[in-house]
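Along the sequence shown, residues are numbered consecutively beginning with 1. Side chains included, hydrogens not; waters and symmetry mates left out as well; all remaining heavy atoms used.
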Amino acid sequence: QVQLVESGGGLVQAGGSLRLSCAASGGTFGNYAMAWFRQAPGKEREFVGAINYDGGSLYYADSVKGRFTVSRDNDKITVYLQMNSLKLGDTAVYYCAAAQYKGPVIFTSRSHYAYWGQGTQVTVSS
């Protein structure tokens with residue numbers, strides 16, 4: 001069973017950048033597809049982006065495509081979310097999630113991910 005801990009959140013001005021990290025432990029990291037979700041106040045948790053077990057497949061929500069990049073370092077057992085050109089609407093708690101799956105398919109539904117981190121707050125100011 002894998003445990004996930006996010007870090008790197010904070011306050012940033014619109015147009016700025018942040019990089020979130022998600023450190024995994026307790027499992028074989030290379031067996032897991034990884035994803036980022038976010039939840040803004042009063043809204044449902046939504047898919048942001050994901051990467052498959054070996055980094056060969058990536059997928060992003062339309063709202064972040066071209067601005068956010070998901071990557072993983074299996075040696076460091078960490079997945080990253082690089083966020084550029086941040087907008088006010090990106091303000092949310094960002095969650096890292098893991099699904100035990102070794103294949104090319106990217107899952108965008110929360111129900112596919114059994115393991116979740118505690119979340120890290122990202123606040124974009126004007």
Side-chain angles (χ1 to χ4, degrees):
Q1 183 167 335
V2 65
Q3 292 83 46
L4 306 172
V5 178
E6 303 96 334
S7 61
L11 176 64
V12 62
Q13 284 193 323
S17 298
L18 275 177
R19 188 177 81 156
L20 306 183
S21 300
C22 173
S25 63
T28 303
F29 188 62
N31 290 345
Y32 291 85
M34 302 298 296
W36 289 93
F37 288 76
R38 67 186 182 186
Q39 188 166 18
K43 295 188 177 181
E44 291 203 355
R45 194 170 299 187
E46 65 174 2
F47 173 81
V48 173
I51 188 166
N52 78 324
Y53 75 105
D54 65 357
S57 298
L58 293 160
Y59 188 77
Y60 299 95
D62 287 343
S63 58
V64 306
K65 202 171 294 182
R67 301 188 298 122
F68 290 12
T69 302
V70 179
S71 61
R72 66 188 295 157
D73 186 330
N74 283 359
D75 291 333
K76 295 183 178 178
I77 54 173
T78 300
V79 64
Y80 304 97
L81 180 66
Q82 178 67 45
M83 305 185 293
N84 298 329
S85 303
L86 282 160
K87 304 177 180 180
L88 296 179
D90 295 320
T91 295
V93 177
Y94 283 72
Y95 297 90
C96 173
Q100 191 166 6
Y101 168 73
K102 294 184 73 172
V105 177
I106 295 291
F107 304 114
T108 62
S109 170
R110 288 177 293 171
S111 63
H112 282 103
Y113 295 90
Y115 307 101
W116 292 83
Q118 82 289 349
T120 186
Q121 176 71 46
V122 172
T123 302
V124 183
S125 65
S126 59

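Hydrophobic cluster membership differs between Trp116 and Leu81, with clusters built from Ile, Leu, Val, Met, Phe, Trp and Tyr side chains linked at under 4.5 angstrom. Hydrophobic clustering (side-chain heavy atoms under 4.5 Å, transitive across Ile, Leu, Val, Met, Phe, Trp, Tyr) keeps Ile77 apart from Val5. One hydrophobic cluster, built from ILVMFWY side chains closer than 4.5 Å, holds both Val79 and Leu58.
Sorted by first and then second residue, the salt bridge (Lys or Arg N to Asp or Glu O under 4.0 Å) pairs involving residues 91-119 (not counting sequence neighbours) are Glu44-Arg110. Sorted by first and then second residue, the ring-ring contact (aromatic ring centres under 6.0 Å, His included) pairs involving residues 90-110 (not counting sequence neighbours) are Tyr101-Phe107, Phe107-His112.
A search for side-chain hydrogen bond (donor to acceptor under 3.5 Å, both in side chains) contacts involving Asp90 returns Arg38, Arg67, not counting sequence neighbours. Here Thr108 pairs with nothing under the side-chain hydrogen bond (donor to acceptor under 3.5 Å, both in side chains) rule; sequence neighbours left out.
For the atom pair Gln118 CD and Gln3 CD, the distance stands at 12.0 Å (nearest 0.5 Å).
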Please output the side-chain donor-acceptor pairs of residues 59-66 that fall under 3.5 Å, not counting sequence neighbours, one pair per line with the distance.
{"from": "Tyr60", "atom 1": "OH", "to": "Val70", "atom 2": "N", "distance (Å)": "2.9"}
{"from": "Asp62", "atom 1": "OD1", "to": "Lys65", "atom 2": "NZ", "distance (Å)": "3.1"}

Solution key, residues 11-37 side-chain donor-acceptor pairs under 3.5 Å, sequence neighbours excluded:
{"from": "Ser17", "atom 1": "OG", "to": "Asn84", "atom 2": "OD1", "distance (Å)": "2.9"}
{"from": "Trp36", "atom 1": "NE1", "to": "Tyr80", "atom 2": "O", "distance (Å)": "3.4"}

>> Using the rule given for side-chain contact (heavy atoms from CB on, under 4.5 Å), can you reason through Asn52 versus Ile106, listing the C-alpha separation, both sets of side-chain angles and the distance that settles it, and then say yes or no?
In response: CA-CA 6 Å; Asn52 78 324; Ile106 295 291; 4.1 Å; yes
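Closest of all the heavy-atom pairs between Tyr113 and Ala97 is CB-CB, 3.7 Å. Contact detail for Pro104 and Ser57: the closest heavy-atom pair is O-OG, 2.9 Å.
Remark: side-chain polar atoms of Thr91 are paired, donor with acceptor, to backbone N or O of Val124 under 3.5 angstrom. When atom types are taken as modelled, the side chain of Gln82 and the backbone of Thr69 share no donor-acceptor pair closer than 3.5 angstrom.
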